[in-house]
Amino acid sequence: MNHAHTVVLVEGISDKSAIRALAERRGRNLAAEGVRVVAMGGATNIGAYIGKYGPPGRNLRLAGLCDAGEEGAFRRGLERAGLGSDLGRSDLEALGFFVCVADLEDELIRALGTAAVERVVDAEGELGSFRTLQKQPVWRGRSTHDQLRRFMGAGSGRKIRYSGPLVAALELDRVPRPLDGLLARL
């Protein structure tokens, strides 16, 4: 961390894994570039991390990625640290913070398409488990997209396990906007 000049704040390990995987696919070594990606263990911890790495602390350059449902926590944390007031989405992006439409899994599923995501699930040996979820009464009749989002969030560690393989399956010209924007800012 001594040579880091930029810290990317993300909610969890799956986000960190996806960012690193995409950077590698694009031939970038974030650590060598002085960029550290930090999983905060939830968006509500952003204030503490901004305090540690941002203007009140080490005064490093900050960036980040969050789910739409956590945008308010990120906005409040940045405002409390004196990085703006009444921040809108474009203001967040100008600061280097990008918001996923629903969450990162939603972004990746939309970018890949459900058929490609099912191929990734099959390659990971879990297509049978996914088909079982699809047969459950509460999930019957729901879109495959919604079923896949639930599947990714339902298993222990599944979001973490799938973030890398989903990014690996992406066409590099179809990278979700929040991930693409974040990496472009680093």
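- In this structure, Ala73 and Ala43 approach most closely via the heavy-atom pair CB-O, 4.0 Å.
- Residue Arg131 holds its CZ atom at 13.0 Å from CD of Glu126, rounded to the nearest 0.5 Å.
- Residues Asp103 and Arg149 are in side-chain contact: their nearest non-hydrogen atoms beyond the backbone lie under 4.5 Å apart.
- One N or O on the side chain of Arg75 and one on the backbone of Leu87 form a donor-acceptor pair closer than 3.5 Å.
- Within the 4.5 Å cutoff, the side chain of Cys100 has no heavy atoms near those of the Asp106 side chain.
- Using a 4.5 Å heavy-atom threshold, the side chains of Asn29 and Glu24 count as separate.
- Leu22 and Leu186 fall within a single hydrophobic cluster, where Ile, Leu, Val, Met, Phe, Trp and Tyr are joined by side-chain heavy atoms under 4.5 Å apart, directly or via other members.
- Leu179 and Met40 are members of different hydrophobic clusters when ILVMFWY side chains are connected at heavy-atom separations under 4.5 Å.
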*Kindly determine whether Val7 and Arg61 satisfy side-chain contact (heavy atoms from CB on, under 4.5 Å), including the steps that lead there.*
CA-CA 6 Å; Val7 174; Arg61 180 174 168 236; over 6 Å; no

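- The backbone N or O of Arg119 lies less than 3.5 Å from no partner atom in the side chain of Asp122, so there is not a single donor-acceptor pair.
- Using a 4.5 Å cut-off between side-chain heavy atoms of Ile, Leu, Val, Met, Phe, Trp and Tyr, with links allowed through other members, Leu108 and Val175 fall into the same hydrophobic cluster.
- The CZ atom of Phe130 sits 6.0 Å away from the OG1 atom of Thr144 when rounded to the nearest 0.5 Å.
- Nearest heavy atoms, Val99 versus Ala68: CG1-CA, 3.6 Å.
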*What's the verdict on side-chain hydrogen bond (donor to acceptor under 3.5 Å, both in side chains) for Gln147 and Arg150, showing C-alpha distance, side-chain angles and the deciding distance?*
CA-CA 5 Å; Gln147 293 168 341; Arg150 174 64 181 144; over 6 Å; no

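- Side-chain atoms of Arg76 come within 3.5 Å of backbone atoms of Gly72 as a donor-acceptor pair (strictly under, hydrogens ignored).
- Put simply, CD on Glu93 and CG on Asp91 are 9.5 Å apart, with the number rounded to the nearest 0.5 Å.
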*Go through Glu70 and Glu11 one step at a time and tell me if the side-chain contact (heavy atoms from CB on, under 4.5 Å) criterion holds.*
CA-CA 9 Å; Glu70 307 301 343; Glu11 294 180 54; 3.3 Å; yes

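- Leu95 and Leu83 get closest at one heavy-atom pair: CD1-O, 3.5 Å.
- Tracing side-chain contacts under 4.5 Å through hydrophobic residues (I, L, V, M, F, W, Y), one never reaches Leu148 starting from Val101; they form parts of separate clusters.
- Under a 3.5 Å cut-off, the side chain of Arg140 and the backbone N or O of Gln134 do not form any donor-acceptor pair.
- Between the His3 side chain and the Ala32 main chain, no donor and acceptor come within less than 3.5 Å of each other.
- Between the side chain of Arg28 and the main chain of Leu183, a donor-acceptor pair closer than 3.5 Å is present.
- Residues Arg36 and Thr6 fail the side-chain proximity criterion, which asks for heavy atoms closer than 4.5 Å.
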*With side-chain contact (heavy atoms from CB on, under 4.5 Å) as the test, would you mind laying out the steps for Val10 and Leu104 before giving the verdict?*
CA-CA 11 Å; Val10 298; Leu104 183 58; over 6 Å; no

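- Side-chain contact between Leu92 and Phe98 is absent, with no heavy-atom pair separated by less than 4.5 Å.
- Distance OG/Ser163 to CE/Met152: 10.0 Å, rounded to 0.5 Å.
- Within the 4.5 Å cutoff, side-chain heavy atoms of Phe97 are placed close to those of Leu62.
- Under a cut-off of 6.0 angstrom, the local environment of CD1 in Ile160 is crowded, with over 12 non-hydrogen atoms contributed by other residues, nucleotides or ligands.
- Linking ILVMFWY side-chain heavy atoms closer than 4.5 Å, directly or via other members, places Leu60 and Phe74 in a single hydrophobic cluster.
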*Starting from the C-alpha separation in whole Å, work towards a yes-or-no answer on side-chain contact (heavy atoms from CB on, under 4.5 Å) for Val8 and Val38.*
CA-CA 6 Å; Val8 180; Val38 176; over 6 Å; no

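- For the atom pair Leu182 CG and Cys66 SG, the distance stands at 11.0 Å (nearest 0.5 Å).
- Looking only at distances, no side-chain donor or acceptor of Asp146 sits under 3.5 Å from a matching main-chain atom of Arg142.
- Between Glu105 and Ser14 the shortest side-chain heavy-atom distance falls below 4.5 Å.
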*Show your working on salt bridge (Lys or Arg N to Asp or Glu O under 4.0 Å) between Asp180 and Arg185 and close with a plain yes or no.*
CA-CA 9 Å; Asp180 199 42; Arg185 289 291 307 254; over 6 Å; no

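- Atoms CD and CG, on Glu107 and Asp67 in that order, are 9.5 Å from each other to the nearest 0.5 Å.
- A heavy-atom distance below 4.5 Å is not found between the side chains of Val37 and Leu9.
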